[in-house]
Amino acid sequence: MVIKGAMICDALLEQKGDIRIEGDRIVKVERSIMPSAGEEVFHADGFTLLPSAIDLNTRLHNDVLTKENILNLSQKAAVGGVGMLALMPDCKPSLSTELGMELLSVLQHELSVKIIGITSNLTDEGSGIPPISSLHKKGARGIFSKSSISGNLLRRTCEFATMLDLPMFFDCDDESLSKDGVMNDGELSASLGLSGILSLSETKEVAMMCEVASFMGVRAIFNAISSDRSVEILKEAKKKNPNIFIQTSIHHLILTEDLCNNYNTAAKIKPPLKSESTRSKLTKRAKKLEIDLLTSLQSSQSLSKKDLAFDEAAFGIDMIEYFIPMCYSLLVKNEHMRFSDLSKILSFNPAQILKLDDVGLIKEGYLANFCLLDTKETQMIGAKDSPYYDWIFSGKVKHHFIGGKQIF
């Protein structure tokens, strides 16, 4: 098959051209490719061709591990231009059990896009380390750790990560400070009479985990960073340890805590939305590529868990179906970021962190995982339980190819 006439954009390239696919691989990328006799041609004039995004921080609907939820997450991701997901382990049954990891592994052939499992460094009972080596053999591709666990368990986990060459996913939160908090601590939370979550609960843990990552020599992804001060700390640490990676959610670059006004539970996500000042600073850092990764922070919740008093409502957001259009609207259209830079933080960087040497670029020999984005089309968010209700985003993923096969 030849894809003709698209604007090809990845971390290394921005040019109009064609690509040839044979089997599941890209075999040629040129400005113009002459199709062979009888060869299928897909005309992509007017589309932007991007490597499929890789989202390294997602969760299942209601945090329940079922076949239906796994398939649904995969289908939604495909629509949003995401070709690979990392699934966090805090679900029921947990991915820190062989049962959970086996279910995910068995379903891979039915999924629209690949979902990789991340195991925790604690058993469900919280009494010790799960069988990480066995879970790795069953498909675990990273280890999740809360920053609040004991130092000895953390050290032993890092030793497993080094031995198995797995990345660590750090959730930085001092639970003694954030306990019972439901939104960002500040004037708005005080005026609403709601318990706030201090930024200090993140920043102090980030500083500590930077030291742990550097001392233990692990690849460390700092999940969903929401404070500008945390980015400052991590940026300084990266000068000495290039294996530290900063992730933030697209929502923290678009939304602010003001959406929580009137007790709007649609805006209740974790980490909490911050001030306009923080949002603006994080957006500027993303544009300067000081942030390595973006996530949709997918964690959908039933209306019965959201349509409650703010204190009782669940944290979560369901927007992965619009992931690439959201990133395009904010960073490329509004902030004038280059497509190549956007592709770097959506595709190339996460592939490099996972040590995947055949995804993340539109390049000969790489898997044909890419989407075609129509930047002229717009989408209005109609879900009333979304914090983006009535928002209009530019761009729509019109076609998505995984392993050379068109999945829509």
Side-chain angles (χ1 to χ4, degrees), residues 47-48 50 52-53 55 57-62 69 72-83 85 112-113 183-184 224 226 248-274 276 279-280 282-283 286 294-308 310 313-335 337 342 345-346 371-400 407-408:
F47 292 135
T48 300
L50 297 163
S52 300
D55 190 339
N57 191 354
T58 66
R59 289 173 170 80
L60 293 166
H61 181 64
N62 288 338
N69 284 348
N72 188 44
L73 175 60
S74 176
Q75 290 163 1
K76 285 184 174 184
V79 172
V82 181
L85 307 168
S112 302
V113 302
M183 66 172 291
N184 184 47
S226 63
T248 194
S249 90
I250 186 61
H251 313 298
H252 288 85
L253 306 185
I254 299 176
L255 305 176
T256 71
E257 63 182 348
D258 291 343
L259 271 175
C260 297
N261 213 347
N262 299 316
Y263 304 97
N264 177 16
T265 59
K268 186 178 179 182
I269 66 175
K270 196 167 187 179
L273 297 172
K274 299 297 180 73
E276 169 59 25
R279 184 209 66 79
S280 177
L282 290 176
T283 300
L294 287 178
T295 175
S296 67
L297 207 63
Q298 176 71 10
S299 180
S300 64
Q301 300 290 333
S302 297
L303 186 60
S304 61
K305 293 191 172 187
K306 275 289 192 179
D307 192 17
L308 298 169
F310 202 97
F315 292 100
I317 191 165
D318 182 13
M319 285 296 292
I320 198 168
E321 287 174 281
Y322 303 94
F323 187 47
I324 283 186
M326 291 171 71
C327 295
Y328 165 74
S329 296
L330 173 69
L331 294 170
V332 177
K333 188 170 183 182
N334 293 353
E335 296 293 331
M337 176 187 254
L342 178 63
I345 58 179
L346 290 183
C371 60
L372 293 169
L373 178 72
D374 185 348
T375 59
K376 297 182 290 296
E377 192 162 338
T378 59
Q379 300 182 84
M380 177 178 282
I381 308 303
K384 292 186 177 181
D385 58 346
S386 169
Y388 296 97
Y389 175 60
D390 265 355
W391 283 48
I392 297 175
F393 290 108
S394 297
K396 183 174 184 179
V397 176
K398 300 291 286 186
H399 306 281
H400 200 165
I407 57 176
F408 74 84

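Every value quoted in this text rests on a predicted model; they were computed, and no experiment measured them.
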Query - Rounded distance (nearest 0.5 Å) linking atom CG of Leu60 with atom OG of Ser300 - result: 8.0 Å
Query raised in the report: Is there side-chain contact between Leu346 and Cys327, with heavy atoms separated by less than 4.5 Å?
Result: yes
Query raised in the report: Side chains of Ser302 and His61: does their closest heavy-atom pair fall under 4.5 Å?
Result: yes
Requested in this report: To the nearest 0.5 angstrom, please state how far the OG atom of Ser280 sits from the CG atom of Leu253.
Outcome: 10.5 Å
Requested in this report: Report yes if the side chains of Trp391 and Leu255 come closer than 4.5 Å at any heavy-atom pair, otherwise no.
Outcome: yes
Query raised in the report: In Å and rounded to the nearest 0.5 Å, what is the NZ to CG distance from Lys305 to Asn62?
Result: 4.0 Å
Report summary line: Between the CZ atom in Phe408 and the NE2 atom in His399, the distance rounded to the nearest 0.5 Å is 8.5 Å
Requested in this report: Can you measure from CD1 (Ile269) to OG (Ser226) and round to the nearest 0.5 angstrom?
Outcome: 9.0 Å
Query raised in the report: With a 4.5 Å limit on heavy-atom distance, are the side chains of Cys260 and Phe310 in contact?
Result: yes
Query - Gap separating the NZ atom of Lys76 from the CG atom of Asp318, nearest 0.5 angstrom - result: 3.5 Å
Query - Closest non-hydrogen atom pair, Val113 against Ala77 - result: CG2-CB, 4.0 Å
Requested in this report: Determine whether the aromatic ring centres of Tyr388 and Phe393 lie less than 6.0 Å apart.
Outcome: yes
Query raised in the report: Would you say the side chain of Ser112 lies within less than 4.5 Å of the side chain of His400, judging by non-hydrogen atoms?
Result: no
Query raised in the report: Can you tell if the side chain of Phe323 reaches within under 4.5 Å of the side chain of Leu294, non-hydrogen atoms only?
Result: yes
Query - Donor-acceptor contact present, side-chain Lys333 to main-chain Ser394, <3.5 Å - result: no
Query raised in the report: Looking at side-chain heavy atoms only, is the closest gap between Gln298 and Val82 below 4.5 Å?
Result: no
Query raised in the report: Are any non-hydrogen side-chain atoms of Asp55 and Leu85 less than 4.5 angstrom apart?
Result: yes
Query - Closest approach of Ile317 to Ser296 (non-hydrogen atoms, all atoms of both residues) - result: CG2-O, 4.1 Å
**Report entry** Donor-acceptor contact below 3.5 Å, side chain Lys306 vs main chain Thr265
**Finding:** yes
**Report entry** Minimum heavy-atom distance His251-Met319, with the two atoms named
**Finding:** CE1-CB, 3.8 Å
Query raised in the report: At their closest point, which heavy atom of Cys371 faces which heavy atom of Ile324, and how far apart are they?
Result: SG-CD1, 3.7 Å
Query raised in the report: Considering all heavy atoms of both residues, which atom of Gln379 and which atom of Gly395 are nearest to each other, and what is their separation?
Result: NE2-O, 3.0 Å
